[in-house]
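Labels below follow one simple rule: chain letters A, B, ... track the order of the sequence lines, proteins then strands, and each chain is numbered from 1. Because the structure is a prediction, the values reported are computed rather than measured.
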Protein chains: 2
Amino acid sequence: MKFEAVTIKDIAKALGLSTSTVSRALRDSYEISPETKEKVLQYARETNYRPNPIALSLKEKRSSSIGVLVSEIANSFFSQVINGIESVAQERGYNVVIAQSKESYEREVSALNYLASRSVDGIILSVSAETYDFSAISNLYNKGMAMVGFDRIAETLQMHKVIVNNKRGAYDATSQLIKNGFKNIACIASSSYLSISKERIQGYIDALQENNIKVNDELIAYCAHGGMLYDEVEVAMKKLMSSTKKPDAIIACSDKITTNAMRYCKKEKIAIPEKLGLIGFSNLDLTELLSPSLSVVRQPAGDMGKKAAELLLSMIESKRAVTEFQTVVLPAEIHERESSIK
Amino acid sequence: MKFEAVTIKDIAKALGLSTSTVSRALRDSYEISPETKEKVLQYARETNYRPNPIALSLKEKRSSSIGVLVSEIANSFFSQVINGIESVAQERGYNVVIAQSKESYEREVSALNYLASRSVDGIILSVSAETYDFSAISNLYNKGMAMVGFDRIAETLQMHKVIVNNKRGAYDATSQLIKNGFKNIACIASSSYLSISKERIQGYIDALQENNIKVNDELIAYCAHGGMLYDEVEVAMKKLMSSTKKPDAIIACSDKITTNAMRYCKKEKIAIPEKLGLIGFSNLDLTELLSPSLSVVRQPAGDMGKKAAELLLSMIESKRAVTEFQTVVLPAEIHERESSIK
DNA sequence: ATCATTCCCGGTATCGATTGCGTAAAAAAT
DNA sequence: ATTTTTTACGCAATCGATACCGGGAATGAT
């Protein structure tokens with residue numbers, strides 16, 4: 001048995017009316033007599049009639065759905081963002097279609113094409129760690145697809161963006177390590193291509209310079225896959241820990257990097273914070289239960305998702321082309337716990 | 001500017017052919033001459049033609065999309081399940097539409113109607129903690145909507161189901177606490193309505209009885225919202241800790257309950273495992289970094305999602321009605337760490 | 001040269017809902 | 001009683017793609 005919904009045609013046939021009359025009755029048109037309206041409405045209620053959204057989409061050339069492209073759903077930050085997006089979308093009658101890039105440029109491009117070919121009305125995306133060529137995105141964008149970027153954004157593209165104050169977050173985190181007596185602070189970032197990496201590293205550098213600490217390139221490491229793989233974080237940690245001036249603290253620039261760095265320390269029995277201070281960007285909601293409790297820079301992920309969805313829907317629903325682009329910058333929260341206090 | 005894709009009509013007009021010819025050429029019909037085919041295919045490639053899935057959906061009466069209904073996306077277990085579902089769906093040309101119940105029966109029903117009205121071809125769902133009336137689900141199911149349940153299933157409904165061996169998982173976890181010398185073991189479960197609660201409690205009881213420990217109802221607590229709210233877990237913990245025979249260990253039956261119980265202990269300075277042993281169901285991927293490292297029963301969430309998606313797609317794509325229903329039971333993994341070892 | 005067959009392709013209905021236009025019947029105006 | 005207006009509804013096109021049916025032209029057969 002196949003799921004078959006009641007159509008306007010069924011109602012028309014049952015009541016001996018034409019489909020146009022039924023349609024107009026349902027939309028409460030003045031051209032329909034009160035008695036006919038009542039009959040139609042009652043029958044529609046009884047049969048639990050719902051307009052077929054696919055037929056509507058075809059007619060209206062819009063699908064009332066938005067695509068979300070992230071590197072990985074099973075990542076607390078992204079799932080919190082999706083949570084925010086979904087709440088706004090649901091409220092406004094849109095559904096959310098999700099796709100993952102798994103930090104692969106290739107998968108990102110195919111996911112974009114997939115979403116476009118699935119006729120979503122707009123796309124909210126955070127680029128993969130491998131992405132430095134934004135032409136696939138800009139092509140789609142230039143064809144008129146509504147798009148909003150968040151977190152990892154394509155800097156060169158003119159579009160609405162939702163980010164946190166990454167530089168400030170990293171600056172505050174680094175300053176805090178300095179204030180707590182750490183002298184030789186290293187930084188592990190995601191892929192060097194990413195906007196967030198650049199901004200966070202800049203915040204780190206600014207804090208060092210403001211405290212008259214020389215910036216040492218040897219103490220900056222990158223993870224090409226955004227820390228998704230434990231191994232790349234281990235490599236980065238090994239490199240840092242074997243540098244000529246061994247660091248006494250680390251600022252980690254993403255969720256996965258932070259936790260994988262912690263894993264490495266546990267494995268190598270490096271005491272945190274005694275031997276190595278640690279603070280990292282993270283949206284896990286139990287960092288205070290870690291051992292030691294973890295100091296984090298937290299992004300307001302839910303709010304970011306909500307804001308991105310609102311921007312996208314306003315673009316989709318605006319009559320004329322959008323020419324002014326907003327970059328919404330939300331504040332990052334710092335939670336100082338044990339891991340960054342000597 | 002609105003996103004406008006190339007249609008079959010555009011191709012027909014450009015090449016001076018009819019839409020039917022173009023359609024057939026694209027589908028490589030024998031009725032079309034090789035020259036015409038080549039012209040059409042080339043033009044389609046140049047213009048990056050993609051068939052409009054909405055038009056196809058309307059014609060074929062299927063949308064090539066599946067709905068997923070979970071209580072909360074931002075929950076590691078569910079996001080891992082969705083991850084698995086998405087990987088299978090993507091591969092088979094389906095997209096995934098997500099909806100959340102937030103543990104509310106009302107939201108669950110409206111989300112179900114929403115998904116059905118959005119013309120998904122099938123639904124994968126895990127019921128909310130509030131749900132004990134499965135009529136909304138069975139109504140939809142009886143109308144012919146393909147559905148697969150996972151984790152929290154509707155026991156009375158005849159449908160494909162994917163679960164873990166909950167009884168065994170809880171049995172093993174409890175046995176382990178007993179083996180480690182805990183004498184007075186309490187259990188905190190989700191809502192008493194849920195299949196998983198019943199099964200896990202049964203596993204707990206079986207383990208106690210097998211070890212000749214009297215089951216004490218005072219030591220079984222429930223969380224109506226599945227532990228989603230910290231407060232309900234705190235209430236449960238307080239109740240347990242003030243019972244006549246104060247427990248020396250706890251088995252927690254969901255992700256949120258486990259971590260919130262740990263939060264409570266931290267807040268109340270109850271030493272784990274010295275004062276209170278703890279083991280819980282959880283799919284967080286950093287439980288080994290917690291303080292103390294947390295003993296968990298872990299569900300193979302990704303595999304559950306994959307299996308559920310495969311079952312659903314086979315249902316959707318099968319010609320005839322499905323009459324034999326599978327219940328796939330995957331093993332739960334036990335990870336013994338510090339929190340359950342005295 | 002005439003008829004039949006094959007090859008290629010176009011016309012049109014269909015899916016469900018909306019909407020501009022046309023129109024019969026009833027009501028109102030003259 | 002005739003004309004005009006209003007009421008209340010149906011017809012048909014539309015959105016994009018597919019598929020059944022039908023038909024013109026070229027080829028082959030007789």
Side-chain angles (χ1 to χ4, degrees), chain A residues 2-41 43-44 47-65 93 116-121 143-144, chain B residues 2-41 43-44 47-65 93 116-121 143-144:
Chain A
K2 185 85 171 48
F3 181 75
E4 304 259 356
V6 180
T7 73
I8 223 168
K9 205 177 286 184
D10 299 329
I11 302 181
K13 198 176 294 174
L15 300 180
L17 294 168
S18 76
T19 59
S20 21
T21 303
V22 174
S23 170
R24 272 183 278 245
L26 291 169
R27 329 197 91 246
D28 200 27
S29 160
Y30 68 96
E31 292 185 273
I32 306 299
S33 70
E35 304 85 58
T36 307
K37 265 183 203 171
E38 190 42 49
K39 272 202 298 187
V40 170
L41 288 174
Y43 191 83
T47 55
N48 195 30
Y49 168 79
R50 295 270 177 277
N52 183 327
I54 291 180
L56 279 172
S57 296
L58 182 59
K59 185 114 185 67
E60 308 288 332
K61 292 177 178 273
R62 36 184 258 103
S63 61
S64 289
S65 67
S117 83
R118 302 305 298 185
S119 308
V120 294
D121 295 338
K143 280 187 195 160
Chain B
K2 186 81 175 53
F3 181 76
E4 301 262 356
V6 181
T7 73
I8 224 170
K9 206 176 285 182
D10 299 328
I11 302 180
K13 198 177 293 174
L15 300 180
L17 295 167
S18 77
T19 58
S20 15
T21 304
V22 174
S23 171
R24 272 183 286 241
L26 290 169
R27 329 197 91 246
D28 200 28
S29 160
Y30 68 96
E31 293 185 271
I32 305 298
S33 70
E35 304 86 56
T36 308
K37 265 183 202 169
E38 188 44 46
K39 272 203 297 186
V40 170
L41 288 174
Y43 190 83
T47 55
N48 195 33
Y49 167 79
R50 294 270 176 280
N52 183 329
I54 292 182
L56 240 48
S57 298
L58 183 59
K59 184 111 183 72
E60 308 287 335
K61 292 178 179 272
R62 37 185 257 101
S63 63
S64 289
S65 66
S117 83
R118 303 306 297 185
S119 307
V120 293
D121 295 339
K143 280 187 195 160

Could you tell me whether the side chain of B:V22 reaches within less than 4.5 Å of the side chain of B:L15, counting heavy atoms only?
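Not touching, per the 4.5 Å side-chain cut-off.
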Under 4.5 Å between any side-chain heavy atoms of A:V40 and A:L17, yes or no?
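Heavy-atom side-chain distance check passes, below 4.5 Å.
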Exercise: identify the closest heavy-atom pair between A:V6 and A:Y49:
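Answer, listing the atom of A:V6 first, then A:Y49: O-CD1, 3.4 Å.
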Could you pull out the closest heavy-atom pair between A:T36 and A:S33, with the gap in Å?
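Looking at all heavy atoms of both residues, the closest pair is OG1-OG, 2.8 Å.
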What's the separation between atom CG in A:D121 and atom OG in A:S57, rounded to the nearest 0.5 Å?
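Those atoms lie 7.5 Å apart.
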Between atom CZ of A:R50 and atom OG of B:S119, what is the distance when rounded to the nearest 0.5 Å?
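Those atoms lie 12.0 Å apart.
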Whole angstroms only, please: what is the OH-C1' distance between B:Y30 and C:dT6?
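To the nearest whole Å, that distance equals 11 Å.
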Can you tell me the distance, in whole Å, between the CG atom of B:D28 and the P atom of C:dC8?
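Distance, rounded to whole Å: 13 Å.
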Check step by step if side-chain contact (heavy atoms from CB on, under 4.5 Å) holds for B:S64 and A:R118.
CA-CA 9 Å; B:S64 289; A:R118 302 305 298 185; 3.3 Å; yes
Under the side-chain contact (heavy atoms from CB on, under 4.5 Å) test, which residues partner A:K59, sequence neighbours left out?
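None.
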Which residues pass the side-chain contact (heavy atoms from CB on, under 4.5 Å) test with B:K9, not counting sequence neighbours?
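Once residues adjacent in sequence are excluded, the partners of B:K9 under the side-chain contact (heavy atoms from CB on, under 4.5 Å) criterion are B:T7, B:T19.
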Within residues 32-40 of chain A, which residues have any heavy atom lying less than 4.0 Å from an atom of DNA chain C?
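The stretch gives none, as no residue of it lies under 4.0 Å from the strand.
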How would you label the contact of B:L17 with the nucleic acid (heavy atoms, under 4.0 Å): base, sugar-phosphate, or nothing?
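Sugar-phosphate: the residue B:L17, judged by heavy atoms under 4.0 Å, touches backbone atoms but no base.
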Distance under 4.0 Å to a non-hydrogen atom of chain A counts as contact; along DNA chain D, which nucleotides mark the start and end?
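First and last nucleotides in contact are D:dA8 to D:dG16.
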Sequence neighbours excluded and cut-off under 3.5 Å, please list the side-chain donor-acceptor pairs for residues 24-32 of chain A, or say none.
| residue | atom | partner | partner atom | Å |
| --- | --- | --- | --- | --- |
| A:D28 | OD1 | A:K37 | NZ | 3.1 |
| A:S29 | OG | A:E31 | N | 3.1 |

Give me the distances for all protein-to-nucleotides 17-20 of chain C N/O pairs that come in under 3.5 Å?
| residue | atom | partner | partner atom | Å |
| --- | --- | --- | --- | --- |
| C:dA17 | OP1 | A:Y49 | OH | 2.9 |
| C:dA17 | OP1 | A:N52 | N | 2.9 |
| C:dA17 | OP2 | A:I8 | N | 2.4 |
| C:dT18 | OP1 | A:R27 | NE | 3.2 |
| C:dT18 | OP2 | A:S23 | OG | 2.9 |
| C:dG20 | O6 | A:R24 | NH1 | 3.3 |
| C:dG20 | O6 | A:R24 | NH2 | 3.1 |

